[in-house]
Amino acid sequence: HDVAEKLLLRAYKEDPSNFWALADLAECYASSARPAAERRRLAESRVAELRSRFPRHPSLHGVLVGIERELSRADPAE
């Protein structure tokens, strides 16, 4: 996840209009092995940005559903 996060951050910084770079970054945060609260904190700002910058993107709903599914899973230690 660390390498993926670094690459996705670079892709997003190079092209902030790239929906998939931002969506994949949010999914990366949501699906990481970090504790649930940290995963949520990291992903929520990206989710808010997705909603505000790409409200009519045809894949937005499916991406948000997948992110929420990842965020709702329990911490591995629980």
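Remember, predicted model here, so these are calculated numbers, not experimental data.
With a 4.5 Å cut-off on side-chain heavy atoms, Glu44 and Arg41 do not count as touching. Side-chain contact between Glu70 and Tyr29 is absent, with no heavy-atom pair separated by less than 4.5 Å. Taking 4.5 Å as the limit, every side-chain heavy atom of Trp20 sits out of range of all side-chain heavy atoms of Glu27. Put simply, the side chain of Lys6 does not reach to within 4.5 Å of the side chain of Leu9, judged on heavy atoms. Here the side chains of Arg53 and Pro16 are in contact, with some heavy-atom distance below 4.5 Å. Side-chain contact check for Glu38 versus Ser32: every heavy-atom pair is 4.5 Å or farther apart. No side-chain heavy atom of Glu5 sits less than 4.5 Å from a side-chain heavy atom of Arg10.
Taking each heavy atom of Arg40 and Leu71 in turn, the nearest pair found is NH2-CB, 3.4 Å. When all heavy atoms are compared, the tightest approach of Ala43 to Ala26 is CB-O, 3.9 Å.
Atom CZ of Arg39 and atom OG of Ser31 lie 8.5 Å apart (nearest 0.5 Å). From Ser59, atom OG reaches atom CG of Leu50 across 11.0 Å, with rounding to the nearest 0.5 Å. Distance check: Leu25 CG to Leu42 CG gives 9.0 Å after rounding to the nearest 0.5 Å.
Using a 4.5 Å cut-off between side-chain heavy atoms of Ile, Leu, Val, Met, Phe, Trp and Tyr, with links allowed through other members, Leu8 and Phe54 fall into different hydrophobic clusters. One hydrophobic cluster, built from ILVMFWY side chains closer than 4.5 Å, holds both Leu64 and Leu22.
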